[in-house]
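We number each residue from 1, following the sequence as shown.
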Amino acid sequence: QKNLLIVFAKNIVLGKVKTRLAKTIGDSGAFMVYKRLFDITEEQSLKVKDATLRVYFSDVVIRSKWVDSEKYVQEGENLGERMQSAFKQGFEDGYSNIIGIGADLPEITADIIENGFNELITSDFVFGPAEDGGYYLVGMSKAEGLYVFDDKPWSTDGLMQLTQQEIGEKADSLVYLDVLNDIDTVEDLKKSGLAGEFGY
(Lines give C-alpha, C1' and ligand atoms only; values in the text may rest on other atoms or scores of the structure.)
Protein backbone atom coordinates (compact mmCIF):
# COMPACT_ATOMS: atom_id res chain seq x y z
CA GLN A 1 0.00 0.00 0.00
CA LYS A 2 1.73 3.17 -1.21
CA ASN A 3 -0.91 5.80 -0.39
CA LEU A 4 -1.16 7.33 3.08
CA LEU A 5 -3.94 9.63 4.25
CA ILE A 6 -3.21 11.67 7.38
CA VAL A 7 -5.99 13.41 9.30
CA PHE A 8 -4.91 16.20 11.64
CA ALA A 9 -7.67 16.38 14.23
CA LYS A 10 -7.90 18.93 17.00
CA ASN A 11 -9.30 17.34 20.15
CA ILE A 12 -12.90 18.39 20.81
CA VAL A 13 -12.55 20.52 23.93
CA LEU A 14 -15.07 23.16 24.97
CA GLY A 15 -13.49 26.59 24.63
CA LYS A 16 -10.51 25.29 22.63
CA VAL A 17 -12.02 24.69 19.18
CA LYS A 18 -13.17 27.15 16.53
CA THR A 19 -12.27 30.12 18.73
CA ARG A 20 -12.96 32.71 16.02
CA LEU A 21 -16.42 31.21 15.50
CA ALA A 22 -16.97 31.10 19.26
CA LYS A 23 -16.64 34.88 19.48
CA THR A 24 -19.96 35.11 17.63
CA ILE A 25 -21.92 31.98 18.57
CA GLY A 26 -20.34 31.12 21.94
CA ASP A 27 -18.11 28.29 23.09
CA SER A 28 -20.86 25.66 23.20
CA GLY A 29 -22.08 26.56 19.71
CA ALA A 30 -18.55 26.38 18.32
CA PHE A 31 -18.06 23.07 20.13
CA MET A 32 -21.16 21.59 18.46
CA VAL A 33 -20.13 22.83 15.01
CA TYR A 34 -16.65 21.37 15.34
CA LYS A 35 -18.03 18.06 16.64
CA ARG A 36 -20.19 17.85 13.49
CA LEU A 37 -17.21 18.64 11.24
CA PHE A 38 -15.13 16.07 13.12
CA ASP A 39 -17.79 13.41 12.45
CA ILE A 40 -17.95 14.30 8.74
CA THR A 41 -14.17 13.98 8.48
CA GLU A 42 -14.19 10.59 10.21
CA GLU A 43 -16.99 9.28 7.98
CA GLN A 44 -15.43 10.43 4.68
CA SER A 45 -11.81 9.54 5.50
CA LEU A 46 -12.84 5.99 6.36
CA LYS A 47 -14.42 5.65 2.89
CA VAL A 48 -11.18 6.42 1.04
CA LYS A 49 -10.09 3.38 -0.97
CA ASP A 50 -6.54 2.11 -1.48
CA ALA A 51 -4.92 4.20 1.25
CA THR A 52 -3.67 3.62 4.78
CA LEU A 53 -5.26 6.02 7.26
CA ARG A 54 -3.44 7.63 10.16
CA VAL A 55 -5.00 10.12 12.56
CA TYR A 56 -2.91 12.63 14.48
CA PHE A 57 -4.74 14.20 17.43
CA SER A 58 -3.68 17.57 18.83
CA ASP A 59 -3.50 16.51 22.49
CA VAL A 60 -4.64 12.98 23.24
CA VAL A 61 -5.70 9.94 21.23
CA ILE A 62 -9.46 9.29 21.28
CA ARG A 63 -9.98 5.53 21.29
CA SER A 64 -13.65 5.73 20.29
CA LYS A 65 -12.89 7.55 17.00
CA TRP A 66 -11.37 5.97 13.88
CA VAL A 67 -11.48 2.72 15.84
CA ASP A 68 -9.36 0.52 13.55
CA SER A 69 -6.97 3.20 12.27
CA GLU A 70 -3.45 4.07 13.40
CA LYS A 71 -3.59 6.95 15.88
CA TYR A 72 -0.94 9.28 17.23
CA VAL A 73 -0.50 12.59 19.01
CA GLN A 74 0.89 15.47 16.93
CA GLU A 75 4.50 16.53 17.54
CA GLY A 76 5.82 20.05 16.96
CA GLU A 77 5.53 23.64 18.12
CA ASN A 78 3.40 24.92 15.25
CA LEU A 79 1.17 23.58 12.47
CA GLY A 80 4.04 23.36 9.99
CA GLU A 81 6.22 21.32 12.34
CA ARG A 82 3.32 19.01 13.22
CA MET A 83 2.47 18.34 9.58
CA GLN A 84 6.11 17.95 8.58
CA SER A 85 6.72 15.44 11.37
CA ALA A 86 3.75 13.26 10.35
CA PHE A 87 4.59 13.38 6.62
CA LYS A 88 8.26 12.63 7.32
CA GLN A 89 7.28 9.56 9.34
CA GLY A 90 5.06 8.42 6.47
CA PHE A 91 7.87 8.65 3.92
CA GLU A 92 10.26 6.89 6.30
CA ASP A 93 7.70 4.09 6.63
CA GLY A 94 7.76 3.57 2.86
CA TYR A 95 4.71 5.46 1.62
CA SER A 96 5.18 7.22 -1.72
CA ASN A 97 2.06 9.42 -1.93
CA ILE A 98 0.89 11.20 1.21
CA ILE A 99 -2.11 13.49 1.68
CA GLY A 100 -2.96 15.48 4.81
CA ILE A 101 -6.30 17.06 5.69
CA GLY A 102 -7.74 18.84 8.70
CA ALA A 103 -10.99 17.99 10.46
CA ASP A 104 -12.99 21.17 9.91
CA LEU A 105 -14.28 21.00 6.34
CA PRO A 106 -18.03 20.46 5.80
CA GLU A 107 -17.65 19.60 2.11
CA ILE A 108 -14.79 17.10 2.27
CA THR A 109 -15.54 13.80 0.53
CA ALA A 110 -13.74 10.54 -0.08
CA ASP A 111 -13.91 11.31 -3.82
CA ILE A 112 -11.99 14.57 -3.39
CA ILE A 113 -9.25 12.78 -1.42
CA GLU A 114 -9.05 9.91 -3.93
CA ASN A 115 -8.80 12.45 -6.75
CA GLY A 116 -5.86 13.97 -4.88
CA PHE A 117 -4.06 10.62 -4.81
CA ASN A 118 -4.70 10.18 -8.55
CA GLU A 119 -3.10 13.58 -9.24
CA LEU A 120 0.00 12.56 -7.27
CA ILE A 121 0.72 9.81 -9.81
CA THR A 122 2.01 12.51 -12.18
CA SER A 123 2.55 15.57 -9.95
CA ASP A 124 4.92 16.47 -7.12
CA PHE A 125 2.22 18.29 -5.13
CA VAL A 126 -1.55 18.49 -4.90
CA PHE A 127 -3.42 21.16 -2.96
CA GLY A 128 -7.03 21.78 -2.09
CA PRO A 129 -7.23 25.57 -1.82
CA ALA A 130 -9.55 27.13 0.75
CA GLU A 131 -11.56 30.27 0.04
CA ASP A 132 -9.69 32.14 2.78
CA GLY A 133 -6.31 31.85 1.02
CA GLY A 134 -5.08 28.80 2.89
CA TYR A 135 -5.57 25.16 1.95
CA TYR A 136 -7.68 22.28 3.27
CA LEU A 137 -5.64 19.48 1.69
CA VAL A 138 -1.95 19.05 0.94
CA GLY A 139 -0.34 16.08 -0.76
CA MET A 140 3.11 15.24 -2.07
CA SER A 141 4.83 12.38 -3.86
CA LYS A 142 8.40 12.84 -2.60
CA ALA A 143 10.02 13.46 0.76
CA GLU A 144 12.00 16.35 -0.73
CA GLY A 145 8.70 18.26 -0.77
CA LEU A 146 8.67 18.67 3.01
CA TYR A 147 10.08 22.18 2.51
CA VAL A 148 6.50 23.48 2.01
CA PHE A 149 6.01 23.22 5.78
CA ASP A 150 9.00 25.43 6.65
CA ASP A 151 8.59 29.05 7.81
CA LYS A 152 5.06 29.71 6.59
CA PRO A 153 2.47 32.26 7.77
CA TRP A 154 -0.04 29.70 9.05
CA SER A 155 -3.70 30.75 9.24
CA THR A 156 -3.21 33.79 7.00
CA ASP A 157 -4.74 34.63 3.64
CA GLY A 158 -1.36 34.60 1.88
CA LEU A 159 -0.41 31.02 2.71
CA MET A 160 -1.39 29.32 -0.56
CA GLN A 161 0.08 32.06 -2.74
CA LEU A 162 3.41 31.97 -0.90
CA THR A 163 3.52 28.17 -1.04
CA GLN A 164 2.77 28.18 -4.78
CA GLN A 165 5.56 30.70 -5.35
CA GLU A 166 8.08 28.57 -3.47
CA ILE A 167 7.11 25.43 -5.39
CA GLY A 168 7.51 27.34 -8.66
CA GLU A 169 10.98 28.55 -7.67
CA LYS A 170 12.03 24.94 -7.10
CA ALA A 171 10.50 23.91 -10.46
CA ASP A 172 8.30 21.27 -8.85
CA SER A 173 4.89 20.44 -10.31
CA LEU A 174 1.61 21.37 -8.64
CA VAL A 175 -2.06 20.52 -9.22
CA TYR A 176 -5.07 22.16 -7.58
CA LEU A 177 -8.31 20.49 -6.55
CA ASP A 178 -11.61 22.39 -6.17
CA VAL A 179 -11.68 25.46 -3.94
CA LEU A 180 -13.72 24.73 -0.79
CA ASN A 181 -14.77 26.71 2.26
CA ASP A 182 -13.61 25.74 5.73
CA ILE A 183 -15.53 27.08 8.71
CA ASP A 184 -13.71 29.66 10.80
CA THR A 185 -16.35 32.40 11.20
CA VAL A 186 -20.13 32.65 11.41
CA GLU A 187 -20.12 33.94 7.80
CA ASP A 188 -18.41 30.70 6.74
CA LEU A 189 -21.03 28.71 8.65
CA LYS A 190 -23.87 30.59 6.94
CA LYS A 191 -22.41 29.78 3.51
CA SER A 192 -21.96 26.09 4.29
CA GLY A 193 -24.29 23.15 3.91
CA LEU A 194 -24.48 22.96 7.71
CA ALA A 195 -26.17 26.37 8.06
CA GLY A 196 -29.65 24.89 8.45
CA GLU A 197 -28.57 22.38 11.06
CA PHE A 198 -27.40 25.23 13.31
CA GLY A 199 -30.24 27.64 12.63
CA TYR A 200 -28.56 29.96 10.09
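- Y176 and Q164 share a donor-acceptor pair across their side chains, judged by distance under 3.5 Å alone.
- With contacts defined as side-chain heavy-atom distances shorter than 4.5 Å, the pair E131/Y136 does not qualify.
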(message) Apply salt bridge (Lys or Arg N to Asp or Glu O under 4.0 Å) to residues R36 and D104 and explain how you reach the verdict.
(response) CA-CA 9 Å; R36 181 75 176 90; D104 58 355; over 6 Å; no
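- When the side chains of ILVMFWY residues are joined at heavy-atom separations under 4.5 Å, either directly or via intervening members, Y56 and V48 end up in two distinct hydrophobic clusters.
- Side-chain contact annotation: N97 with S141, donor-acceptor N/O pair under 3.5 Å absent.
- Inspection of the E107 and N181 side chains reveals no N or O donor paired with an N or O acceptor under 3.5 Å.
- The CD1 atom of I112 sits 5.0 Å away from atom CD1 of I108, with the distance rounded to the nearest 0.5 Å.
- Few gaps surround NZ on K142; more than 12 heavy atoms of other groups in view lie less than 6.0 Å from it.
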(request) Could you walk me through whether K65 and F38 pass the side chain to side chain contact (heavy atoms under 4.5 Å, CB included) test, one step at a time? (result) CA-CA 10 Å; K65 293 289 186 181; F38 199 92; 3.8 Å; yes
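- For E187 and K191, the salt-bridge test fails: no basic side-chain N is under 4.0 Å from an acidic carboxylate O.
- In terms of heavy atoms, Y135 sits closest to M83 at OH-CE, 4.0 Å.
- Interatomic distance, E42 CD to L37 CG, rounded to the nearest 0.5 Å: 13.0 Å.
- F149 and F87 have their aromatic ring centers within a separation under 6.0 angstrom.
- Between the CD atom in E43 and the OG1 atom in T109 there is a gap of 11.0 Å [rounded to 0.5 Å].
- Annotation for I40 and L105: closest pair CG2-O, 4.1 Å, computed over non-hydrogen atoms.
- A salt bridge between R82 and E75 is absent, with no side-chain N of the basic residue lying under 4.0 Å from a carboxylate O of the acidic one.
- Rounding to the nearest 0.5 Å places CG of L21 at 10.0 Å from CG of D27.
- Looking at D188, its side chain does come within 3.5 Å of a backbone N or O of D184 through a donor-acceptor pair.
- Side-chain contact check for D172 and Y147: at least one donor-acceptor pair (N or O, by modelled atom type) lies under 3.5 Å.
- A single hydrophobic cluster is seen to contain both F31 and L194, as judged by linkage of ILVMFWY side chains at heavy-atom distances under 4.5 Å, directly or through other members.
- Using modelled atom types, one finds no donor on one side chain facing an acceptor on the other under 3.5 Å when comparing D50 with N3.
- Looking at I113 and L5, their side chains come closer than 4.5 Å, going by heavy atoms from C-beta outward.
- Within 6.0 Å of CD in E81 there are more than 12 heavy atoms belonging to other residues, nucleotides or ligands.
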(message) Could you walk me through whether K190 and F198 satisfy the side chain to side chain contact (heavy atoms under 4.5 Å, CB included) test, starting with their C-alpha distance in whole Å, then the side-chain angles of each, then the deciding distance to 0.1 Å, before giving a yes or no?
(response) CA-CA 9 Å; K190 288 175 180 175; F198 292 95; over 6 Å; no
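- Connection of L146 to L159 is established within a shared hydrophobic cluster, with ILVMFWY side chains joined at heavy-atom distances below 4.5 Å, either directly or through further cluster members.
- Salt bridge annotation for K152-E166: present, with a cationic side-chain nitrogen under 4.0 angstrom from a carboxylate oxygen.
- M160 and I183 fall into different hydrophobic clusters, where Ile, Leu, Val, Met, Phe, Trp and Tyr residues are linked whenever their side-chain heavy atoms come under 4.5 Å apart, directly or through other members.
- Side-chain contact check for W66 versus S45: some heavy-atom pair is nearer than 4.5 Å.
- Cation-pi geometry between K2 and Y95 is not met at under 6.0 angstrom from the ring centre and within 45 degrees of the axis.
- A donor-acceptor pair shorter than 3.5 Å cannot be found between the side chains of Y72 and Q74.
- F91 approaches S96 most closely through the heavy-atom pair CE2-O, 3.7 Å.
- Between the side chains of D93 and Q89, a donor-acceptor pair is found at a separation under 3.5 Å.
- Formation of a donor-acceptor pair under 3.5 Å by the N78 side chain with backbone atoms of G80 is found in this model.
- Looking at D182 and K18, no side-chain N of the basic residue comes within less than 4.0 Å of a carboxylate O on the acidic one, giving no salt bridge.
- Here the options are T163, L177, V175, L137, the test is side chain to side chain contact (heavy atoms under 4.5 Å, CB included), and the partner is F127; only T163 passes.
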(message) One pair to check against side chain to side chain contact (heavy atoms under 4.5 Å, CB included): N11 and I62. What are the steps and the verdict?
(response) CA-CA 8 Å; N11 285 92; I62 303 176; 3.5 Å; yes
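- Panel note: side chain E70, backbone R54; no donor-acceptor pair is recorded below 3.5 Å.
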(message) Show, in sequence, the C-alpha distance, side-chain angles and deciding distance for F8 and I101, and conclude whether the side chain to side chain contact (heavy atoms under 4.5 Å, CB included) test is met.
(response) CA-CA 6 Å; F8 295 95; I101 61 170; over 6 Å; no
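- A continuous path of hydrophobic side-chain contacts links V73 to V55 [ILVMFWY only; heavy atoms under 4.5 Å].
- The shortest distance between side-chain heavy atoms of V138 and I99 does not fall below 4.5 Å.
- K16 has no carboxylate O lying under 4.0 Å from a charged side-chain N of D59, or vice versa, which leaves the two without a salt bridge.
- The structure places CG of L53 at 10.0 Å from NZ of K71, a figure rounded to the nearest 0.5 Å.
- Counting non-hydrogen atoms of other residues, nucleotides and ligands closer than 6.0 Å to CG of D150 gives a total above 12.
- Taking CD1 of I167 as the reference point, atom CG of D124 lies at 8.5 Å (rounded to 0.5 Å).
- Taking the side chain as every heavy atom from C-beta outward, V33 and L189 approach each other to under 4.5 Å.
- With contacts defined as side-chain heavy-atom distances shorter than 4.5 Å, the pair L46/S69 qualifies.
- Side chain of T52 to main chain of L4: no donor-acceptor pair is present (N/O by atom type, distance under 3.5 Å, no hydrogens or angles).
- Remark: E77 CD is loosely packed, at most 12 non-hydrogen atoms of other residues, nucleotides or ligands lying under 6.0 Å away.
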